[in-house]
Amino acid sequence: MTERNQIVSHLPVANNEVLPTPSRQLREAGAVHYARSVTKDDAGAGPGLTTLEGEVRKILFTSDDGTFSVLRLRSGPGTEHAVVGPLIGVREKERIRVSGRFATDRKWGRQFKADSYLALLPETKRGLERYLASGLVPGVGKVMARRLVEHFGLEAIEVIEREPQRLTEVEGIGRVRAERLSRGWNQQRQIRQVMLFLQTHGVATHHALRIFRNLGDRAIQVVTEDPYRLTEIRGIGFLTADEIARHLGVARDSPQRVRAGALHTLWDATLAGHVFLPWDELVRKSQELLDLPEEELVEGLHELKRLGRIVVETPREGAVHVYPRALHEAETGTAARLDQLRSHGAITLAAGLDRAFSQLEEDQGIRLAPRQRQAIELALAGKVTVITGGPGTGKTTLIRSLVVLLGQRQQRIALAAPTGRAAKRLAEATGKTATTLHRLLAYSPQANEFERGRDDPLELDVLVVDEVSMVDIVLARHLLEALPDEARLVLVGDVDQLPSVGPGNVLGDLIQGGIDTVRLTEVFRQGDESLIVANAHRILMGELPRLPAVGRPSDFYFIGKANPEDAVSVVHQLLGERIPQGLGLATPEEVQVLAPMRKGALGTTHLNANLQGLFNPRGEAVGLPSQGLRIGDKVMQVKNNYQLEVFNGDLGRIEGVDEESGDVLVRIDDRIVRYEGGDLDQLELAYACTIHKSQGSEYPGVVIVLHDQHYVMLQRNLLYTALTRGKRLAVIVGSRSALRRAVRNARTRHRNSGLADRLR
């Protein structure tokens, strides 16, 4: 082999690393060459390592974290080897040189156990063309790969890397695209360098991509100088940073480590919705994390306070609250801005409402209930109004009526919601344009800030926000800052649903803090006929759902299955046969499977794998093997992407791959969205999703999996939220004991928040 092949990565591991056991599905699929129990003869075959070189024909398995792979390596005509090990970032059709030794597994036979590998450039034009089209270079698909190799031959990679301006010689490549291709290639190389750096410091390298995206080509420098800066990156925890710091020689009792551990403990509490932690609890949890004396923790907290990283308050005798500075500013800013808005007088718009109500009811063919009228009067007379109520209580009719009356009064109205799906429903209900809050506030992903605020307020008279239960304290503060002083604010939501994923309990705190509130309680006739609506209200009262009479059509069913495998089988049957044939809902398009958590036999990860096998067993794979995505899959966007204009919770379907650019094409609503390879980690299989992820969404039908395996998550507001996602059908599958626990467990997880007290 000539040495024109460039070494792209070299990923060593400890020779004694214990490799994971194969999954049952892998064993059944014939992926038999797994490194596990090596015989003594093979293990002692000699101190030297053997090398294999060839093309990765097929990746049979990649672990969820991307750190372990099983693949078939073609080293010559008719010669293939099963290779196992930490082949991080390896791709199909890539040529690699693997270092390791052959071993015989007692159960799976002969295999090659890899310790490290080198990625090599192909030596033939055909091989290079396949390599470029494998997805390694963002923006290069099969067509573009062929053009590049036809024009530049075996020097194509060198041109991409070192002379990107020459790429414009190829048909279909302009200056901007040439820069993008070169940048994408170099990023891939840098990512692998970060992987190598992290692994040599004893850290699982599946964090490399996230670190690289946040720190770019400065990643190694930044991590070397201050490994605890990694704790600022979402998804990279303190333990990962601490492991790197240990390998870099940072002392256990260093002030740097103490401050980082305390801050991590404080921010980690926000994952449970807390805005602050009591001082004693923060010290105790930090001690558990760092294993250091209390006095060192206290000293570190005082230093963080001096540096302005935390805020310490004593709201009453005996209470000491510790906030991250950003959340303290969000909470105090929210309370202060609400006070300013309420104190800034406004002319009432509620005059002459009796005649207006009569005309509205005649025009719309409706009859407003007394509470609905009261809510509208309050919204037209006051500055800040909260309207809350459960399913079937007429929130949608109320919003539609309010918008009509505001329009008659020549008010400039804006409608918004936290998610794209909620905004779309709001627009459909009112016949007016509605948008996400982030788009309303002109969020800039480049600057990571909102462009609309006190210096550039929104141009409106009234803002109506739906699904406010999903709004956290940070977003609430930005929203209020962007309102002009004279504006009216109407907040609509269901306070009995799950609170926001982010910190705070904004809707509940507003109500407890004395903001003018109307609670809709009357369930209208159409709700009485619906067991979904009736049972949602029964659950709120702590009563078990009412089941339909045997043989009578209903929109609500419960199927008791105590055995987890039986429950999965029922879900499979429901979506594969019973719902589409018996109830006429198309699956999986119109029916969403919901579960309390991701892990476990009845978690969304396993359910998605099962349902992918039902609906899309032979789809062509796209992206990395660990992502598990195929053409034809139902997928969900799991983070806001403002460049692509897709948002957390948006559902879509993978339609194909652009042959020229390699972009993955996903249909979301009525448009095709192009995903480059690096953006695919924002998509997840969506045949099943967590109940938290379903907030703000409604589906024609839902199948809710509820089992004792979900014990820690079984709460009344979780079940209530899941049930109210279904419009025409809701089926609960699982154990009766889990259903009883969820209904009876009214103890919502307490959130440390001071907003209600500040408003009082």
Side-chain angles (χ1 to χ4, degrees), residues 327-353 356 373-388 398-399 401-418 432 434-435 437-438 440-443 449-466 468 471-493 495 504-519 753-760:
L327 295 189
H328 184 265
E329 291 175 352
E331 185 175 279
T332 56
T334 296
R337 188 70 188 124
L338 282 167
D339 284 343
Q340 290 171 354
L341 287 172
R342 288 188 294 173
S343 63
H344 195 283
I347 299 173
T348 181
L349 301 174
L353 271 184
R373 288 192 174 207
Q374 178 190 355
I376 292 173
E377 290 173 357
L378 193 61
L380 293 176
K383 289 296 298 295
V384 182
T385 306
V386 172
I387 301 168
T388 186
L398 187 153
I399 293 174
S401 301
L402 177 61
V403 168
V404 170
L405 293 172
L406 287 168
Q408 292 173 356
R409 285 154 175 75
Q410 307 301 311
Q411 296 292 291
R412 295 173 299 169
I413 311 164
L415 304 175
K432 304 291 185 181
T435 185
L437 288 172
H438 280 74
L440 177 74
L441 300 176
Y443 176 74
E449 62 184 24
F450 295 99
E451 295 178 359
R452 307 307 291 265
R454 293 294 286 167
D455 296 332
D456 185 17
L458 298 167
E459 298 173 0
L460 52 77
D461 298 311
V462 183
L463 174 62
V464 180
V465 183
D466 198 10
V468 180
V471 175
D472 63 32
I473 190 64
V474 176
L475 183 55
R477 189 268 181 99
H478 285 294
L479 174 65
L480 292 165
E481 290 288 346
L483 288 177
D485 290 338
E486 62 275 9
R488 283 180 166 84
L489 178 62
V490 181
L491 303 171
V492 184
V495 74
N505 185 24
V506 173
L507 182 56
D509 284 349
L510 294 179
I511 295 171
Q512 292 181 29
I515 299 296
D516 291 339
T517 300
V518 175
R519 180 157 193 155
S753 168
L755 179 59
D757 288 338
R758 296 183 195 278
L759 292 174
R760 292 191 194 103

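Since this is a predicted model, take the numbers as computed values, not measurements.
No side-chain heavy atom of Ile413 sits less than 4.5 Å from a side-chain heavy atom of Leu402. Here the side chains of Leu483 and Leu460 are in contact, with some heavy-atom distance below 4.5 Å.
In this structure a side-chain-to-backbone donor-acceptor pair under 3.5 Å is present from Glu331 to Gly754. At distances below 3.5 Å, at least one donor-acceptor pair connects side-chain atoms of Arg337 with backbone N or O atoms of Leu480.
Val462 and Gln411 make their closest contact through CG2-OE1, 3.9 Å (heavy atoms, listed as atom of the first residue, atom of the second, distance). Shown here for Gly508 and Val495, the closest heavy-atom pair between the two residues is CA-CG2, 3.9 Å. Closest heavy-atom contact between Glu329 and Arg477: O-NH1, 3.7 Å. Pairing each heavy atom of Leu440 with each of Ala416, the nearest pair is CD2-CB, 4.1 Å. In terms of heavy-atom proximity, Arg452 sits nearest to Ala442 at CG-CB, 4.0 Å. Of all non-hydrogen atoms in Thr348 and Arg488, the two that sit nearest each other are CA-NH2, 3.6 Å.
Taking CD from Glu481 and CZ from Phe450, the interatomic distance works out to 12.0 Å, rounded to the nearest 0.5 Å. Atom-to-atom distance recorded for Leu463:CG and Leu458:CG is 7.0 Å, nearest 0.5 angstrom. In this structure, OG1 in Thr332 is found 10.5 Å from CG in Leu327, a value given to the nearest 0.5 Å. Taking CZ of Arg409 as the start and CG of Leu349 as the end, the distance is 6.5 Å to the nearest 0.5 Å. Within the model, atoms CG of Asp472 and CG of Leu507 stand 13.0 Å from one another, a figure rounded to the nearest 0.5 Å. If you take CG on Leu338 and CD1 on Ile515, they are separated by 5.0 Å, rounding to the nearest 0.5 Å.
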Result block: side-chain N/O donor-acceptor pairs under 3.5 angstrom for residues 375-386, not counting sequence neighbours:
from: Lys383; atom 1: NZ; to: Leu341; atom 2: O; distance (Å): 2.8
from: Lys383; atom 1: NZ; to: His344; atom 2: O; distance (Å): 2.9
from: Lys383; atom 1: NZ; to: Asp485; atom 2: O; distance (Å): 2.8

Notebook entry, point to check: So Leu405 and Leu353, side chain to side chain contact (heavy atoms under 4.5 Å, CB included) or not? Walk me through it.
Noted result: CA-CA 9 Å; Leu405 293 172; Leu353 271 184; 4.3 Å; yes

Next item on the list: Decide yes or no on side chain to side chain contact (heavy atoms under 4.5 Å, CB included) for Leu491 and Val471, but give the supporting numbers first.
Entry: CA-CA 10 Å; Leu491 303 171; Val471 175; over 6 Å; no

Next item on the list: Could you please spell out the steps behind the side chain to side chain contact (heavy atoms under 4.5 Å, CB included) verdict for Gln512 and Leu755?
Entry: CA-CA 9 Å; Gln512 292 181 29; Leu755 179 59; over 6 Å; no

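By the salt bridge (charged side-chain N to carboxylate O under 4.0 Å, His left out) test, Arg342 is found to be paired with Asp339, residues two or more places apart in sequence or in another chain being considered. Under the side chain to side chain contact (heavy atoms under 4.5 Å, CB included) criterion, Gln410 pairs with no residue, sequence neighbours left out. Residues satisfying the side chain to side chain contact (heavy atoms under 4.5 Å, CB included) test with Glu449, not counting sequence neighbours, are Ala447. Annotation: ring pair (Phe, Tyr, Trp, His ring centres under 6.0 Å) contacts of His328 (sequence neighbours excluded): Tyr323. With sequence neighbours excluded, the residues forming a side chain to side chain contact (heavy atoms under 4.5 Å, CB included) with Val404 are Leu360, Gln364, Gln408, listed by chain and number.
Just one of Asp509, Leu510, Thr334 meets the side-chain contact (heavy atoms from CB on, under 4.5 Å) condition when paired with Leu759; it is Leu510.
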